[in-house]
Structures are given as structure tokens and as C-alpha cells.
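In what follows, chains are A, B, ... by sequence order, proteins preceding strands, each numbered from 1.
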2 protein chains.
Amino acid sequence: MTSTPIADLWPTLPGADTRPEAAYRLLQAAVESFAERGFHATTTRDIATAAGMSPAALYIHYQSKAALLAEISQAGHAATLALVRAAAAGGGGPAERMRRLVEQFTTWHARARTVGRVVNYELHALPEDAYAVVAALRLDIEREVSALIEEGVTAGAFQVSEVRTAARAVTSLGIDVSRWYTDRSTEAPEELGRRYGELVLRMLGARV
Amino acid sequence: MTSTPIADLWPTLPGADTRPEAAYRLLQAAVESFAERGFHATTTRDIATAAGMSPAALYIHYQSKAALLAEISQAGHAATLALVRAAAAGGGGPAERMRRLVEQFTTWHARARTVGRVVNYELHALPEDAYAVVAALRLDIEREVSALIEEGVTAGAFQVSEVRTAARAVTSLGIDVSRWYTDRSTEAPEELGRRYGELVLRMLGARV
DNA sequence: TTGCTGACTAAGCGCTTGCTCAGCATGGTG
DNA sequence: CACCATGCTGAGCAAGCGCTTAGTCAGCAA
């Protein structure tokens with residue numbers, strides 16, 4: 001999915017249907033540039049050229065370079081939260097749901113690593129109001145994981161001394177995948193997800 | 001140690017004794033700026049002003065802005081590798097050494113998070129030759145962890161199906177600490193290190 | 001035909017960037 | 001004293017930045 005890094009999260013974007021195709025191309029070019037070079041090292045000329053337009057065309061579809069980043073970041077976070085919620089809310093006991101959560105969380109960060117890098121490592125470049133929205137979403141993700149661990153501990157399925165630290169470790173493992181995973185990685189995203197699911201369950205002291 | 005983020009690694013810098021104090025101040029200002037805003041969003045005026053000098057003074061002590069980054073990155077990686085090697089080479093069985101390694105690796109990434117952020121998240125801004133040096137150091141760190149896990153598996157101290165994946169997870173957990181740890185974190189670096197040591201040993205299937 | 005709209009471009013504005021350079025103060029050395 | 005190396009500054013240059021402006025053009029409704 002490297003060729004279309006935002007294909008997965010495109011449907012979650014507001015107004016995705018009505019938006020002209022050029023806006024989509026700009027968004028895609030922005031994701032790739034921001035992920036590879038970082039927000040500040042990316043120029044509006046980079047983005048526009050990659051989308052096959054002149055720099056001025058960018059401003060017809062987006063208010064600013066920062067607005068592009070905000071849109072990517074918010075959509076990416078919303079998609080991640082949705083994924084986490086779906087996995088945590090599905091059937092099964094705490095261990096089964098946690099395995100599913102970690103598998104999907106990890107797989108997403110490996111497959112959508114391009115979006116993942118922008119989402120996780122360009123937060124500091126967000127305008128203040130966009131950052132506030134995104135920070136709330138990140139908190140929700142963290143809370144979802146914490147709640148599931150808490151539930152597992154209460155049910156006797158997990159053995160964890162510090163729930164918050166454990167939750168941090170779980171999300172941290174997944175997020176960092178988007179940093180180190182590359183095209184050259186030999187493990188497929190799903191395979192990595194399965195292995196990480198196993199490791200996390202052991203980490204949480206789940207009875208296997 | 002936020003006030004003197006490079007105090008720990010300063011002695012490891014080449015020519016630290018002979019270097020004028022102004023060079024030290026510039027280095028420190030650069031670490032703080034790069035960590036907070038990123039390399040590209042940091043201006044030479046930012047660095048020089050924070051060090052109490054005019055922008056021109058920077059170029060008496062360093063060839064370029066990128067040379068500052070290279071120096072920070074190389075020193076930081078060298079210090080980390082030394083820490084990992086020392087922990088892995090100390091006394092005790094695989095489990096004891098792994099616990100020590102994770103404790104110190106984690107503690108370092110929490111306490112020296114300012115340097116850690118530059119070291120781990122500004123790699124893309126490094127000039128090619130400096131990147132090559134740093135990449136080699138990173139590979140050495142990864143290898144050191146892999147070797148210890150391998151040894152533990154052979155000795156029957158660990159139960160791990162994929163050594164490389166497990167090694168990735170261990171280093172990944174530590175590195176990501178420098179991303180999320182803040183002044184407001186309630187856990188002290190050493191406390192976090194102890195907890196992470198515990199989690200990792202469980203993850204590796206160590207007999208506890 | 002006329003009038004209007006939305007998507008786009010060529011040109012470029014005002015500003016900031018990394019970096020340079022001539023010159024100045026200081027302090028050790030003959 | 002003269003001499004000079006060292007550390008630094010004020011002024012500023014060339015390049016590149018985000019973004020704007022004036023205007024082109026295809027498509028469409030009346």
C-alpha cells in the first residue's frame with residue numbers, strides 16, 4: 001500500500017465523496033513528503049509538483065500547508081481509534097480481545113507506516129487547534145487500552161502491577177513499528193502483528 | 001537533567017577537554033532546539049541566541065548547522081552503545097543481564113529524552129556520511145541485544161520463537177520512551193526502568 | 001451569444017534562511 | 001612596546017520559503 005498510503009483512511013475523511021480528485025492527489029503527495037522528509041523540510045512546491053500541479057493550485061483545495069497536515073493527522077488518528085475500539089469491543093475474553101487489538105494495531109502501523117509516521121512524529125508541527133483535537137484522540141486510544149487491561153486484571157486474565165505503564169508499553173510497541181518498519185522488512189505486517197500479539201499477552205502475564 | 005541535557009554524554013565527545021566553553025553552550029542549545037522543534041524548524045539564530053551569541057559565532061566552532069546535529073547524534077549513539085555493551089557484558093546469567101540492560105536502556109531514554117529525541121527522530125536530517133556512521137552504531141546496538149537473547153534461548157533461560165522480532169521489540173520499547181516521556185511523567189526514570197525490565201523478562205518467557 | 005464559475009498557472013512579493021566577511025577587542029608573547 | 005592569534009560581532013548576501021495576485025480557459029446555463 002505504499003503507492004496509495006492513504007487509501008485506507010480516505011473513506012474516513014469528511015467530504016471524501018464530493019472532493020475533487022486533485023485534492024486527493026495533493027493529500028497523497030503530502031503524506032509521502034511529510035513522512036519521508038518531515039513537515040518543515042517539505043515545501044509546497046514539493047507537494048504540488050508531486051501532485052502534478054503548480055504551487056498555487058494547492059491553495060484552492062487547502063488553506064495552508066499546515067491545513068494539509070492537520071487533515072492527515074486527524075483522519076489518521078480517527079482511523080486508529082476506530083480500529084482500536086472495534087477490536088476491543090468485539091467478542092471474546094480480555095486476552096482474546098487484547099490479542100486482536102495488538103495484532104490489528106501493529107499490522108496497521110506496519111502497513112500504513114507512511115501515514116503512521118506523519119501521525120506519530122509530526123505532532124509538533126500541528127497548529128494549536130488541530131493539536132488539541134488530535135491530543136484528545138490519542139488520549140482516547142490510550143484509555144481504551146488501559147480499560148481493556150484493567151478489565152483483564154479484574155477478571156484474573158492478566159497479571160499486571162501497573163496498568164498505566166503496561167498500557168503505555170502496549171501502545172508504544174505498536175506506534176514505534178511505523179518508525180522502523182520498511183519495505184525491506186522480511187516480516188509481512190500480519191505476521192508481525194501475530195508475533196507482537198503473542199509477546200504482549202506474555203508481557204501482561206496472560207495465562208497461555 | 002533537562003537543564004543540561006548533554007551533560008551525561010559530554011565526556012564522550014572527542015576533544016571535550018580542549019574545546020572552548022562556548023562550543024559546549026552551542027551544543028546544548030542545539031540539542032534543546034532540535035529536540036523541541038526538530039532540525040529543520042530550528043534556525044541558526046535560535047541556537048546562537050540561546051547560547052548567548054550572534055549567529056556568526058556558531059561558524060567559528062562548527063562547520064554548519066548539520067555538523068552540530070552530526071556531533072550530537074554520533075555522541076548520543078556512542079554513549080548508548082557503550083551503555084548496552086556494559087550492561088550485557090556484566091556478570092550474571094542471561095536474564096539478569098537482560099534485566100540490567102533494559103533497566104539502564106529505559107532509564108537513559110527517559111532521563112536523557114532531550115538527546116534521545118534528536119538521536120532517534122532526526123536521523124533523516126543527517127548528512128550522508130554522518131548517517132553511515134550512526135547507522136553502523138544502531139546496527140551494533142541491535143546486534144548486542146539479539147546476541148543476548150540468542151544466548152538466553154540457547155541456555156534455556158528464554159523462550160522466544162523469533163529472536164530478531166523479540167530484539168526489535170526490546171529496543172523499540174526503550175527508544176519510544178524518549179518520544180512520550182515528559183517532565184510531567186509521574187514515574188521516575190529508574191522506576192520506569194525497573195518496570196520495563198520486568199515486562200521484558202516476561203515477554204521473553206524468562207523463568208521468574 | 002453572453003455571463004458566470006471553478007480549476008488552474010505564471011509571475012512574483014515579502015520575508016527568512018544558512019552562511020560569509022571585514023573588522024574589533026582581548027590577552028598572551030617577543 | 002609591537003605583534004598576532006583567538007573569539008566574536010554587525011551587516012548583509014544569495015537562495016529559497018509560504019503564499020498571493022492577476023489572468024487564462026473549459027464547461028455550462030439562459
Side-chain angles (χ1 to χ4, degrees), chain A residues 13 15-73 118 122 124-131, chain B residues 13 15-73 118 122 124-131:
Chain A
L13 290 167
D17 307 327
T18 62
R19 196 181 310 219
E21 190 247 357
Y24 177 85
R25 264 157 43 218
L26 283 165
L27 206 63
Q28 186 143 314
V31 169
E32 271 158 17
S33 282
F34 292 163
E36 192 181 320
R37 290 181 281 256
F39 177 80
H40 289 292
T42 297
T43 70
T44 53
R45 286 160 180 85
D46 288 337
I47 299 169
T49 303
M53 296 177 232
S54 79
L58 190 154
Y59 293 89
I60 291 160
H61 301 284
Y62 299 96
Q63 277 197 358
S64 63
K65 189 177 110 170
L68 261 167
L69 175 65
E71 178 124 11
I72 294 164
S73 194
V118 179
E122 301 297 330
H124 59 95
L126 281 171
E128 221 168 309
D129 51 343
Y131 179 79
Chain B
L13 289 169
D17 308 327
T18 63
R19 196 181 311 220
E21 189 246 357
Y24 178 87
R25 263 159 40 219
L26 283 165
L27 207 61
Q28 187 143 312
V31 169
E32 271 158 17
S33 281
F34 292 163
E36 192 180 321
R37 290 182 280 257
F39 177 80
H40 288 292
T42 297
T43 71
T44 53
R45 285 161 180 83
D46 288 337
I47 300 169
T49 304
M53 298 177 231
S54 81
L58 191 153
Y59 294 89
I60 291 158
H61 300 285
Y62 299 96
Q63 276 197 358
S64 65
K65 189 178 110 171
L68 261 167
L69 175 66
E71 179 125 10
I72 293 163
S73 195
V118 180
E122 300 297 329
H124 59 95
L126 282 170
E128 223 169 307
D129 51 343
Y131 179 80

Nucleotide by nucleotide, nucleotides 6-11 of chain D touches protein heavy atoms under 4.0 Å in the pattern (B base, S sugar-phosphate only, - none) --BBB-

The correct set of residues in residues 34-46 of chain A placing a heavy atom under 4.0 Å from DNA chain D is A:T42, A:T43, A:T44, A:R45

Separation of C:dG18 atom P from B:L68 atom CG, nearest Å, is 12 Å

Atom OH of A:Y59 and atom C1' of C:dA10 are separated, to the nearest Å, by 16 Å

Can you see which heavy atom on [X] is nearest to which on [Y], and at what distance?
| X | Y | answer |
| --- | --- | --- |
| A:E36 | B:H124 | O-CB, 4.3 Å |
| A:T42 | A:S33 | OG1-O, 3.2 Å |
| B:L58 | B:T44 | CD1-O, 4.0 Å |

| request: Decide yes or no for A:F39 and B:H40: does some side-chain heavy atom of the first lie under 4.5 Å from some side-chain heavy atom of the second? | output: no

Q) Is a side-chain donor or acceptor of B:Y62 paired with a backbone partner of B:L69 at a separation under 3.5 angstrom? A) no

For the backbone of B:A51 and the side chain of B:R25, can you confirm whether one donor and one acceptor N or O come within less than 3.5 Å of each other? yes

Item checked: Exceeds 12 heavy-atom contacts within 6.0 angstrom, atom OH of B:Y131 -> no

Hits for side chain to side chain donor-acceptor pair (under 3.5 Å) against A:R45, two or more places apart or cross-chain, chain-then-number order -> none

